[in-house]
Structures are given as structure tokens and as C-alpha cells.
Visitor: 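Below is the structure I would like to discuss, written out as C-alpha cells.
Quick caveat, the model's predicted, so the values are computed rather than measured. Just so we're on the same page: letters track the sequence lines, and every chain starts at 1.
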Amino acid sequence: MREHPGGERGQLLRRCRPVLATCVMMPRPAPEPTSLTRGFWEAARRHELVVQRCTACRVYRHYPRVLCPDCHSADWQWTPVSGRGTIFTFTVTHRAFHPAWVDRVPYVCATIELDEGVRMVSDLPAEDTARAEIGMRVEVFFEEQPDDGATLPRFRLCENPPAYVVHE
Amino acid sequence: MTLTAQCAIVGVGQTVYTRGTDRSTLELHLEACRRALDDAGLTVADVDGVIPSSLAQGTVEDFIVNLGLRDLAFSTSVQLGGASLIASVQNACMAISTGVASCVLIPAGRRGYSGERVSTGKAVTAASMATVREFEFPLGNIGAAQWFAQAAQRHMHEFGTTSEQLGHVAVNSRANANLNERALMYGKPMTLADHQNSRMITSPFRLFDCSLESDGAGALVIVSAERGRDLRKPPVLISGVGISHSDSPTSITQKPHVAGVPAIGVAARRALGMAGMHVTDADCLIIHEGFTWYVIAALEALGVVGMGEGGPYVEEGHIRLDGRTPVNPHGGALSEAHVSGMNHIIEGVRQLRDEVEPARQVDGCENILVVNEGNFFDGAVLSLRRAS
Ligand SMILES: [Zn+2]
């Protein structure tokens with residue numbers, strides 16, 4: 001006797017529904033930009049990665065600061081950067097430290113050193129979890145957050161990328 | 001003028017350490033204060049200075065109205081993250097040695113189990129964490145364990161430090177806690193295999209690499225060394241104290257040297273210089289360790305071993321009670337309790353009074369260094385000496 005395929009699928013759906021219900025991911029904590037940092041997040045919305053660069057001494061800096069700690073100039077500009085970098089260090093997180101990550105563990109949380117010398121933090125996509133190592137090359141991608149409208153610059157492993165050269 | 005041996009810790013007190021409490025953080029602090037005053041043989045009428053705990057969002061007004069303090073001459077708020085406690089001791093010494101105050105009460109402690117549990121995402125609220133909240137929380141870098149894990153991972157990468165070596169720190173703390181009836185992990189032995197089999201929290205940290213989520217508080221009473229001679233218990237001299245606010249205090253990820261804690265070395269040089277000591281003169285090190293790796297990093301920063309040599313050093317057993325450099329004879333935050341570093345200072349005082357269980361009394365203990373980590377690798381070091 002053949003089983004009714006529709007019934008089988010119905011059973012499957014019934015089994016999955018409660019699981020699916022718990023799989024709705026909680027939103028990530030949203031950045032709350034200040035007058036100093038707003039340009040970074042606005043650029044991200046345009047899918048552009050920028051950091052501060054001192055107009056006087058040309059040093060890149062991140063996270064945002066009012067003054068250049070090297071020359072104390074208050075003049076700076078948001079400057080596009082390559083979006084390429086290297087994993088400086090990382091951790092594979094198995095326990096969520098915030099409810100938003102309960103359904104995302106395990107995940108790699110990495111400190112990225114951009115080719116311009118500044119560091120950023122990003123979680124890597126799920127497919128990179130088992131592969132991440134210190135020294136691996138990464139590239140930026142932009143992810144719109146459905147709940148709060150923020151666009152997050154995130155990073156993922158990239159294969160054999162060309163070495164980035166900083167042009168003055 | 002120097003602060004060395006100007007002041008003494010004359011009273012210590014603490015609540016019972018628990019995993020679960022109905023009492024507020026303030027209730028815990030107040031109980032600890034009363035016990036510390038009783039230990040010193042003093043009363044609230046003697047207290048003219050209070051330094052509430054910034055970590056616990058304490059306010060001086062709460063202590064005035066609850067203890068009935070009639071005329072407080074001195075209070076301040078100290079902001080050095082987890083190193084605020086030793087920085088508060090520094091402030092108390094400055095106030096007393098300059099005549100601003102004569103008897104300063106310092107409470108600290110937390111409800112790390114019943115209140116500010118890390119998994120709720122509510123643990124990080126300090127103003128100095130604004131950068132982390134804006135640029136790292138949305139990208140998943142949220143828990144202190146993740147920040148220190150990345151430092152430990154880099155240490156392993158640069159120096160070959162192993163998970164087993166981290167495990168030796170955990171096993172040492174647990175062995176000592178099993179000689180300490182106050183310790184939360186008393187009666188719960190741990191082997192290196194237990195450590196290796198404990199579940200991964202955030203690599204390379206396993207469960208047993210992480211300090212306890214616990215509830216409890218403690219308090220110190222500090223007066224001048226001279227006055228300390230006439231009180232109930234033998235005074236423990238503050239022979240040196242130093243802090244260091246280092247570079248990049250707003251995120252661990254911005255540290256030039258993520259694999260080390262150099263500010264601890266700077267703070268230690270200040271404290272040891274004041275005390276006229278070398279680190280090898282310390283008979284015991286008490287290191288406030290959120291995570292096992294921090295003990296290894298602190299041993300390197302203090303100059304007990306060279307950079308990268310901390311892992312083999314703990315593996316060879318040198319931090320055991322019978323080793324060259326006993327570390328955390330009470331079991332530390334890993335196995336006694338996480339009380340914002342207060343239990344570490346209290347242990348230093350009790351060791352120097354010969355008050356601890358004989359099995360964990362460090363032989364011939366005359367000098368102890370206590371180390372606090374704060375914010376992101378900022379540090380504070382306190383040098384305690386037995387009064388002659
Ligand atoms: Zn500049």
C-alpha cells in the first residue's frame with residue numbers, strides 16, 4: 001500500500017512548524033550612531049566602507065575619534081578603504097552572549113586588520129565557521145538588517161585575493 | 001612624599017558566596033561593610049570616607065543613609081573597570097596620607113549569577129563601552145569571554161600556548177579551592193581531563209577556562225599604618241600601589257599587542273618601585289582572572305617569566321602552592337567566587353595574618369602582589385606586606 005505523499009508532507013510540516021517558529025532570528029543589536037560616527041553607517045548603507053583619515057598627517061583611524069591621536073588635528077575626512085584585510089585573531093563562539101545569537105551559534109567572531117592598518121570586528125558567515133584561521137584573507141560585504149534598517153559591513157573569507165596596494 | 005607603608009588594611013569582611021540570591025547588590029555590600037568594620041574592631045562612627053564600587057553602580061548616598069554616616073569627609077568614584085578596586089585602594093591611601101580622611105571603607109561585589117548574567121546581553125553598560133556597543137555588538141563581539149578568547153587565540157598563535165596549559169591554571173585554582181571552605185567549588189575536584197572535556201564556550205575557552213558567575217560582596221577598611229597598630233587584628237601594610245590606563249582603552253581589538261597585557265607590567269613597576277621590591281620578592285601572587293589565559297599573560301607582564309613563556313611555566317607546576325610562585329591560593333575567580341576582585345585582596349590580607357586554612361597557607365608569607373585587570377588590559381597592582 002502506497003502512502004499518500006501529501007499526507008507525508010503534511011506530517012513533515014506539522015513536525016517542523018514548532019521548530020521553524022523558534023528559528024525566527026532575533027534582530028542583532030543595532031548601532032546607535034552619534035554625530036561623530038554617523039558617516040560610517042551612512043556609507044555602509046551605500047555599500048561603501050569608509051574610515052576616518054587625518055587631513056594633516058594622512059593617518060587612517062578607526063574607531064572614530066574627535067582628534068588625531070598622532071598630530072592632534074581636528075581635520076579629517078571619511079575615506080573609502082579597500083574592504084580587504086587579514087584575520088588578526090578570532091574565536092569560534094559556541095555560547096550566545098546575547099539572545100540575537102542563540103540561533104547563530106557556533107559562529108566565528110574575528111578581529112580583521114584591514115590593508116590600511118585599522119582593525120574592525122565581524123562575525124563571519126556560517127560557511128566559514130570551520131575554516132577560519134589567523135592570517136586568512138577576508139573581504140567586506142554589506143548586509144541590510146531587516147528590522148532596523150541598518151546596513152552592517154561584514155566580512156567573509158575570500159579565495160586567493162590579489163594583494164592590495166595602498167596608493168598615496 | 002611616598003605612599004609606601006603609610007596605610008594599612010585593618011578590616012576585611014565578606015558575604016557568603018552563592019549561585020543564586022534574593023538580596024540586592026547593595027544589601028550584599030552593606031553586609032560586607034559591617035563585617036569588615038567588626039573585623040577591624042571599628043564602628044560606623046569611625047568611618048569618614050567611602051569609595052563605592054563603580055562596577056556595581058554604587059552611590060555614596062546609599063552608604064550614608066543605610067549606615068547612618070553622619071559626617072563623611074571623603075568619597076570618590078573610580079573608573080578603571082575591573083581594576084577599579086585596587087585603584088580605589090590607591091585613592092584611599094592618598095586621602096588618608098594627606099589627612100583628607102582617616103578611615104575609608106571600600107565595598108565591592110556583584111550578583112554575577114542572579115543579576116548581571118552575561119548571556120542576557122545586559123552585563124555591559126558602562127559609558128566607556130560605547131564604542132564596543134556601537135561597532136562590535138552588532139557584529140557579534142559581545143561577551144568578555146570573546147574578547148579575552150581572541151587575545152588568548154593570538155597568544156597561542158604567536159607563542160604556541162596550548163589549551164592544556166590553560167587547563168593547568170584552572171586545575172591549580174580548583175585544587176586550592178578544595179582547601180578553602182568558602183570557595184564555591186569546594187568539594188568539587190577537577191582534573192586536566194575534566195578541563196579538556198568541558199564544553200567549548202568560545203574557542204579557545206572551555207567552560208573551565210571561565211570564571212564563576214556568582215553572587216557575593218566584600219569590603220575593606222583602610223586607616224593609617226600608625227592607627228592600624230592598635231586595632232583588633234594585625235595590620236597589613238600597603239607597601240605599594242600602582243595603576244596604568246593604557247592605550248586603546250575602548251576595545252580590546254584595538255590593542256597593538258593583543259597577546260599581552262603590558263599595562264599590568266607598568267602598574268607593577270609603579271607598585272614595586274614604591275615598595276622597594278622586585279617581583280621575585282613576592283611570596284605569592286593573587287591575580288584577578290576572568291579567564292585562565294589572563295594568569296599566563298599576567299605572569300609574563302609582571303616579568304615572572306618572559307613573553308610567551310607563561311604556558312610552559314604553569315605546565316611545569318610553578319604556580320602551585322608548593323611551587324616557586326604560588327598563584328591564587330584561595331581558588332580565585334575561577335573556583336572561589338567572582339567578587340570583582342575583592343576576594344583576591346581579602347585573601348592577601350588573610351594570608352599575611354596567617355588566618356587561612358593551614359593547608360593553603362603560603363609558607364613564610366611576607367609579601368603579596370594582588371593584580372586587577374580592568375577595562376581592556378588596563379591594570380592595577382597592589383603590594384601588601386606583613387607588618388613587622
Ligand atoms: Zn594626524
Side-chain angles (χ1 to χ4, degrees), chain A residues 26-34 36-38 40-41 44 51 61-65 69 87-102 104-113 117-124 129 132-135 143 145 148 150-155, chain B residues 116-124 127 129-158 198-207 209-210 213 247-260 291 293 376:
Chain A
M26 218 184 142
R28 290 163 179 254
E32 292 175 19
T34 64
L36 179 66
T37 65
R38 191 162 292 126
F40 177 87
W41 298 108
V51 301
R61 67 179 191 261
H62 196 62
Y63 299 123
R65 290 167 204 157
I87 295 181
F88 180 75
T89 188
F90 72 101
T91 180
V92 184
T93 299
H94 293 257
R95 176 193 161 166
F97 292 96
H98 184 283
W101 271 267
V102 166
R104 292 184 169 101
V105 290
Y107 68 96
V108 172
C109 181
T111 299
I112 311 291
E113 195 156 273
V118 299
R119 294 199 197 133
M120 293 185 182
V121 164
S122 178
D123 54 335
L124 303 188
T129 302
E133 295 286 351
I134 288 174
E143 188 181 80
Q145 301 304 300
D148 53 45
T151 300
L152 298 179
R154 294 182 58 198
F155 286 81
Chain B
E116 309 84 31
R117 291 200 75 167
V118 294
S119 54
T120 61
K122 291 176 188 158
V124 180
M129 295 288 178
T131 298
V132 169
R133 278 198 302 274
E134 179 172 356
F135 288 95
E136 301 189 0
F137 272 33
L139 282 311
N141 199 25
I142 289 172
Q146 294 173 294
W147 310 334
F148 283 83
Q150 292 186 69
Q153 189 82 33
R154 187 73 204 180
H155 197 273
M156 290 171 148
H157 175 76
E158 290 183 19
S198 67
R199 68 191 157 89
M200 193 62 86
I201 301 295
T202 186
S203 69
F205 291 158
R206 299 175 178 283
L207 179 65
D209 289 304
C210 302
E213 292 185 303
D247 55 67
S248 314
T250 56
S251 167
I252 222 165
T253 64
Q254 306 300 309
K255 293 281 172 195
H257 306 291
V258 170
F291 306 95
W293 172 77
F376 298 112

Visitor: Among E136(B), Q254(B), M200(B), H157(B), which has the most heavy-atom pairs under 4.5 Å with chain A?
Guide: Q254(B)

Visitor: Just jot down the salt bridge (charged side-chain N to carboxylate O under 4.0 Å, His left out) partners of E113(A), sequence neighbours excluded, or say none.
Guide: R119(A)

Visitor: Heavy-atom distances under 4.5 Å only: say whether A150(A) touches chain B with side chain, backbone, both or neither.
Guide: neither

Visitor: Any side-chain heavy-atom pair from V92(A) and T129(A) closer than 4.5 angstrom?
Guide: yes

Visitor: Between F135(B) and W41(A), what is the ring plane arrangement, given parallel below 30°, perpendicular above 60°, and tilted in between?
Guide: parallel

Visitor: I252(B), V258(B), T202(B): which one forms the most heavy-atom pairs within less than 4.5 Å of chain A?
Guide: T202(B)

Visitor: Side chain, backbone, both or neither: which part of T253(B) has a non-hydrogen atom closer than 4.5 Å to chain A?
Guide: both

Visitor: Counting only heavy atoms not in H257(B), do more than 12 sit closer than 6.0 Å to its NE2 atom?
Guide: no

Visitor: How far does CG of D123(A) sit from OG1 of T93(A), to the nearest 0.5 angstrom?
Guide: 9.5 Å

Visitor: Select one option (side chain, backbone, both, neither) describing which atoms of Y107(A) are under 4.5 Å from chain B's heavy atoms.
Guide: side chain

Visitor: What part of P69(A) gets closer than 4.5 Å to chain B, counting heavy atoms only: side chain, backbone, both or neither?
Guide: neither

Visitor: Non-hydrogen atoms of chain A under 4.5 Å away: do they reach the side chain of S248(B), the backbone, both or neither?
Guide: neither

Visitor: Sort out for me which residue in F291(B), W147(B), W293(B) forms a ring-ring contact (aromatic ring centres under 6.0 Å, His included) with F205(B).
Guide: F291(B)

Visitor: Of all of E143(A), E32(A), R154(A), which one pairs up most often with chain B through heavy atoms under 4.5 Å apart?
Guide: E32(A)

